[in-house]
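Notes for the one structure printed next.
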Amino acid sequence: MSFTIHGLPVSGGIAIGHAHLISHTSLEVSHYILPQSMIKEEIARLDAALEKTRIELTSLHEIKPQYAAAEFDAFIDLHLMILGDEHLSQAVRDMIVEEHCNAEWALKVQMDDLVMQFEAFEDSYLRERKTDVVQVVERILKTMSGQSSQSQPAIKHDVQPIMVAHDVSPADLIQLKPQQFAGILTDLGGATSHTSIVARGLNKPCVVGLHHARELIKDNDMLIVDGAQGVVIVNPDKQILAEYKLRHSEIELERQKLRRLKTSRACTLDGTPIELHANIELPSDLADVKENGASGIGLFRSEFLFLNRDTLPDEEEQFIAYRTVAEGMKGQPVTIRTFDLGADKQPNSAKRVASNPALGLRAIRLCLAEPQLFKTQLRALLRATVFGNIKILIPMLSGTAEINQTLNFIAAVKIGLDIDGIAYNPEVQIGGMIEIPAAALSLNAFIKKLDFLSIGTNDLIQYTLAIDRTDDEVAHLYDPLHPAVLHLLSHVINDANKAGIPVSVCGEMAGELAYTRLLLGLGLRQFSMHPAQLLAIKQRVLTTSLNEIGTLTQRMLRASDPMKIQDLLRKLNA
Ligand code: PEP
Ligand code: MG
């Protein structure tokens with residue numbers, strides 16, 4: 001029987017293959033009461049399993065995959081930390097002693113308790129860490145039951161299998177040699193789950209949050225995964241299969257053709273050059289940047305150096321990361337954003353979760369409130385400026401007072417480096433992100449005091465429309481084409497261009513084909529996006545005539561009816 005399941009799209013493309021079900025350790029463990037004489041033995045059995053699991057996890061560091069080395073190390077460390085946490089192990093030992101129950105049952109009860117505590121967090125990132133607790137307990141249970149790691153799929157019918165799992169930890173994902181799967185499906189997981197992060201790095205079609213896929217799909221069922229739409233078609237009929245096979249080869253052909261654009265200059269049909277830069281999270285993303293021919297890095301989200309760890313990176317560690325990227329880009333611009341921690345990116349050491357994190361102590365506000373942290377980062381950044389073309393970008397500035405405070409702070413850090421006799425580029429450019437409506441509406445202060453601007457449309461849209469970008473219940477209201485958003489964008493780009501100050505867009509809008517011509521029509525000449533989107537955007541730039549899009553863009557700005565705006569966008573992209 002053919003049927004369709006819908007989930008959350010994580011990574012685009014189409015995969016066609018047979019289902020390979022990944023076994024899920026049943027957490028419905030048995031419960032039995034032990035005689036007093038066996039308690040010591042039971043605790044020893046538990047401790048042996050904990051130690052065996054620890055050795056197994058530690059050994060995974062050795063086989064980390066190149067495509068996500070840093071993230072993978074962080075996942076393993078997080079799982080080792082949960083494994084070693086007394087909240088789990090000691091509580092389980094205590095329960096065995098007090099209730100005379102078997103170790104598996106005590107583990108399950110403690111896990112449920114911890115999961116409940118994680119579920120109470122308001123912050124979505126912290127809430128999702130409950131998955132890591134479950135994955136670690138599953139691993140211990142597997143060890144106790146003598147199960148080995150997951151079986152590898154047999155490749156049948158000359159097609160790659162598609163992984164179907166209830167949930168899969170990043171560590172398991174690596175052990176399963178994901179390169180041999182054509183696609184990945186999981187019941188659990190959100191867009192920010194660790195598994196999604198690893199899956200995205202694999203660049204394979206991936207859909208998460210499918211809820212019942214593991215129950216509904218049987219081993220060897222024929223599957224079509226549409227990663228861009230988050231759709232899975234199970235046992236498609238011949239006609240649907242033929243259609244998707246055609247689309248699959250079209251996408252492949254398109255990808256191959258796009259690769260040819262890697263070294264070509266990005267310019268419009270009228271010959272106007274356009275800068276296409278890449279967004280990165282970690283220095284290990286550099287390979288992707290090169291692979292897609294970016295002419296610079298428009299946004300290095302440095303806060304990712306601070307996540308998934310218990311200790312903060314010191315000046316030396318940060319310096320090495322910034323220097324590596326600067327040197328790797330060989331003189332091309334590298335825009336490093338000072339850390340944007342807070343909101344949905346909390347370091348492990350965060351003491352409190354704000355009642356409304358997106359409006360709380362985030363980004364530059366946190367930097368100015370924690371001067372020691374900020375000073376450490378700025379020293380590392382300034383030291384790295386002599387090794388390449390680094391620019392410093394400040395997130396979430398709201399107006400003059402914060403700009404002045406930040407610039408004074410940077411000046412003081414420079415004086416500190418002078419006193420210590422440490423070299424840096426005194427002319428390093430300082431830019432500001434425009435992501436709060438207040439910033440867009442008081443742009444003169446930014447133009448007067450800063451060297452360049454970068455529009456963070458993800459936040460600018462969130463704050464303009466009062467829509468929490470992490471809340472899927474209001475996701476349908478998140479509208480880049482809202483007239484208020486278009487007016488703010490047009491105003492910022494126009495005024496920056498008139499003043500001769502460089503301006504770019506580094507939010508998701510910059511990497512969406514549907515908006516490339518609109519942004520070009522608004523006067524944008526610099527885009528920064530995920531490296532995987534770059535060649536498709538370049539192709540769109542190469543086929544755009546600025547002369548032809550001007551009038552339609554202006555009509556879009558004058559329109560207020562959403563249908564009319566959509567209609568004009570369609571014409572713009574025709
Ligand atoms: C943005 O807000 O558009 C942006 C690029 O920053 P981030 O997504 O990291 O908040
Ligand atoms: Mg932002």
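Residue numbers count from 1 along this sequence. Ligands are counted one by one from 1 in listed order, and the atoms in each one are counted from 1 as well. The figures here come from the full heavy-atom set of this structure, side chains too, leaving out hydrogens, waters and symmetry mates.
Considering each of Met433, Arg301, Met509, Arg362, the one bringing a non-hydrogen atom nearest atom 9 (O) of ligand 1 is Arg301.
Geometrically, Arg383 engages Phe319 in a cation-pi contact defined by less than 6.0 Å to the ring centre and at most 45° from the axis. Because its NZ or CZ atom is not both nearer than 6.0 Å to the ring centre of Phe118 and within 45° of the ring axis, Arg129 does not count as a cation-pi partner of that residue.
Using a 4.0 Å cut-off between a side-chain N of Lys or Arg and a carboxylate O of Asp or Glu, Arg301 and Asp340 do not qualify as a salt bridge. Electrostatic pairing of Glu291 and Arg259 does not count as a salt bridge here, judged by no charged N lying under 4.0 Å from a carboxylate O.
Considering backbone and side-chain atoms together, Glu303 places no N or O closer than 3.5 Å to any N or O of ligand 1. Checking only distances, Glu508 never comes within under 3.5 Å of ligand 1, N or O to N or O.
When non-hydrogen atoms are compared, ligand 1 lies under 4.0 Å from the side chain of Arg337 (C-beta onward) but not from its backbone.
Applying the 4.0 Å criterion to heavy atoms of Gly456 picks out, from ligand 1, the atoms 1 (C), 2 (O), 3 (O). Each of the atoms 1 (C), 2 (O), 6 (O) of ligand 1 lies under 4.0 Å from some heavy atom of Glu435. The Asp459 neighbourhood of ligand 1 comprises atoms 1 (C), 2 (O), 3 (O), 10 (O), with distances under 4.0 Å to a heavy atom of that residue. In summary, the atoms of ligand 1 found under 4.0 Å from a heavy atom of Cys506, numbered by their order in the structure, are 5 (C). If you number the atoms of ligand 1 from 1 as listed, the ones under 4.0 Å from a heavy atom of Leu299 come out as 5 (C).
Of all N, O or S atoms in Glu435, the one lying closest to the Mg ion (ligand 2) is OE1. Its N, O or S atom nearest to the Mg ion (ligand 2) is what matters here, and for Asp459 that atom is OD2.
Counting non-hydrogen atoms of neighbouring residues, nucleotides and ligands closer than 6.0 angstrom, the CZ atom of Arg555 reaches no more than 12 such neighbours.
Judged purely by atom type and a 3.5 angstrom limit, Glu281 has no side-chain atom pairing as donor or acceptor with the backbone of Phe304.
When each of Glu275, Gln332, Arg265 is paired with Ser295, the side chain to side chain donor-acceptor pair (under 3.5 Å) condition holds for Glu275 and for no other. In summary, of the residues considered (Pro395, Ser442, Ser398), a side chain to side chain contact (heavy atoms under 4.5 Å, CB included) with Ile436 occurs for Ser398 alone.
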